[in-house]
Amino acid sequence: MSVPYYRPIQREVEVFEHAYRNQLALMIKGPTGCGKTRFVEAMAAKAERPLVTVACHDDTTATDLLGRHLVEGGDTVWQDGPLTRAIRQGAILYLDEIVEAREDVVVVLHSLADHRRQIYLDRLNETLTAPAEFMLVISFNPGYQRGFKELKPSTRQRFVGLSFQYPEPAVEAEIVAQESGIDLAMAKRLVAFAGKVRNLQEFGLSATASTRLLAHAGRLMHTGMPPRTACHVGVIEPLTDDDDIRSALQDTANLIL
Ligand code: ADP
């Protein structure tokens with residue numbers, strides 16, 4: 001299993017490894033596109049465990065995660081959901097955007113995240129205990145305003161916590177160069193542009209220029225797209241539909257690129 005490229009930012013690798021060794025669940029907070037998923041992918045590969053990822057949304061129920069009976073050619077067969085499968089495999093289970101999921105999902109996580117490390121499958125009348133290799137990792141974006149959803153203290157206190165942010169400019173440029181193939185000088189300019197966008201609070205953007213978007217723009221440049229165009233389609237368009245904000249952001253990009 002090859003380990004995906006992940007550039008450590010703080011002490012997150014060490015934290016993950018200690019949490020894993022102690023069979024503690026981990027929560028990762030941070031804005032979209034700052035490297036949470038890549039980090040978990042790299043950690044799972046390093047631990048040589050399969051990774052099961054679930055992107056939670058407001059329709060995600062406990063049944064979706066645990067499993068359900070399906071009718072197959074006249075027979076009723078049980079099908080494990082991703083959470084149950086991950087426990088049976090001793091996988092790393094990554095629940096992305098957990099705050100979006102329905103309340104019954106959070107209830108299931110309680111017995112899994114604490115010392116019991118168990119789930120109860122009521123349809124099968126079976127209690128499943130996670131093996132030592134299993135680890136639960138959840139993530140969410142604390143700055144996300146829509147819905148004002150939050151995890152309850154009783155849930156949060158079952159996890160070890162890590163906060164992610166966009167890395168400092170020199171490190172972020174290194175990541176953008178590595179991920180896209182553009183040279184470091186150009187990656188630094190992209191990061192400088194992102195820095196300006198991130199400071200423009202007055203536009204009220206719901207998300208900002210993430211490392212992911214910079215890597216996209218870099219990849220477009222790497223295959224020959226002019227930098228300003230790459231910035232426009234790779235960063236600005238995904239951020240906003242507002243004409244005035246788009247042109248203000250493009251003016252900013254044009255000064256740097
Ligand atoms: P999130 O899960 O936080 O939304 P991702 O993990 O998908 O974000 O990161 C988006 C992209 O940003 C990745 O595909 C990768 O190209 C890049 N990236 C961000 N941070 C890092 C990092 N520390 N090391 C390597 N790549 C990173």
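Both ligands and their constituent atoms are indexed starting at 1 by order of listing. Remember, predicted model here, so these are calculated numbers, not experimental data.
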Sequence neighbours excluded and cut-off under 3.5 Å, please list the side-chain donor-acceptor pairs for residues 226-237, or say none.
unit_1: Arg228; atom_1: NE; unit_2: Leu257; atom_2: O; d: 3.3
unit_1: Arg228; atom_1: NH2; unit_2: Asn254; atom_2: O; d: 2.9
unit_1: Arg228; atom_1: NH2; unit_2: Leu257; atom_2: O; d: 3.3
unit_1: His232; atom_1: ND1; unit_2: Gln250; atom_2: OE1; d: 2.7
unit_1: His232; atom_1: NE2; unit_2: Glu237; atom_2: OE2; d: 2.8
unit_1: Glu237; atom_1: OE1; unit_2: Arg246; atom_2: NH1; d: 3.1

Shell of residues surrounding ligand 1, defined by a 4.0 angstrom heavy-atom cut-off that is strict: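 Contacts of ligand 1 under 4.0 Å: Tyr5, Tyr6, Arg7, Ile9, Pro31, Thr32, Gly33, Cys34, Gly35, Lys36, Thr37, Arg38, Ile175, Glu179, Thr211, Arg212.
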Go through the structure and list residues passing ring-ring contact (aromatic ring centres under 6.0 Å, His included) with His18, not counting sequence neighbours.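 Counting only residues at least two positions away or on another chain, His18 forms no ring-ring contact (aromatic ring centres under 6.0 Å, His included).
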Under a 4.0 Å threshold between the charged nitrogen and the carboxylate oxygen, would Lys152 count as salt-bridged to Glu103?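 Judged by the 4.0 Å cut-off on N to carboxylate O distance, Glu103 and Lys152 do form a salt bridge.
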Ala86: partners by side-chain contact (heavy atoms from CB on, under 4.5 Å), with sequence neighbours left out: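 Residues passing side-chain contact (heavy atoms from CB on, under 4.5 Å) with Ala86: Val52, Ala91, Leu93, Phe134.
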I want to check something: taking the side chain as every heavy atom from C-beta on, are Pro169 and Glu172 in contact at a cut-off of under 4.5 Å?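 No; the side chains remain at least 4.5 Å from each other.
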Val105 and Cys56, any side-chain heavy atoms less than 4.5 Å apart: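 Of all side-chain heavy-atom pairs linking Val105 with Cys56, none is under 4.5 Å.
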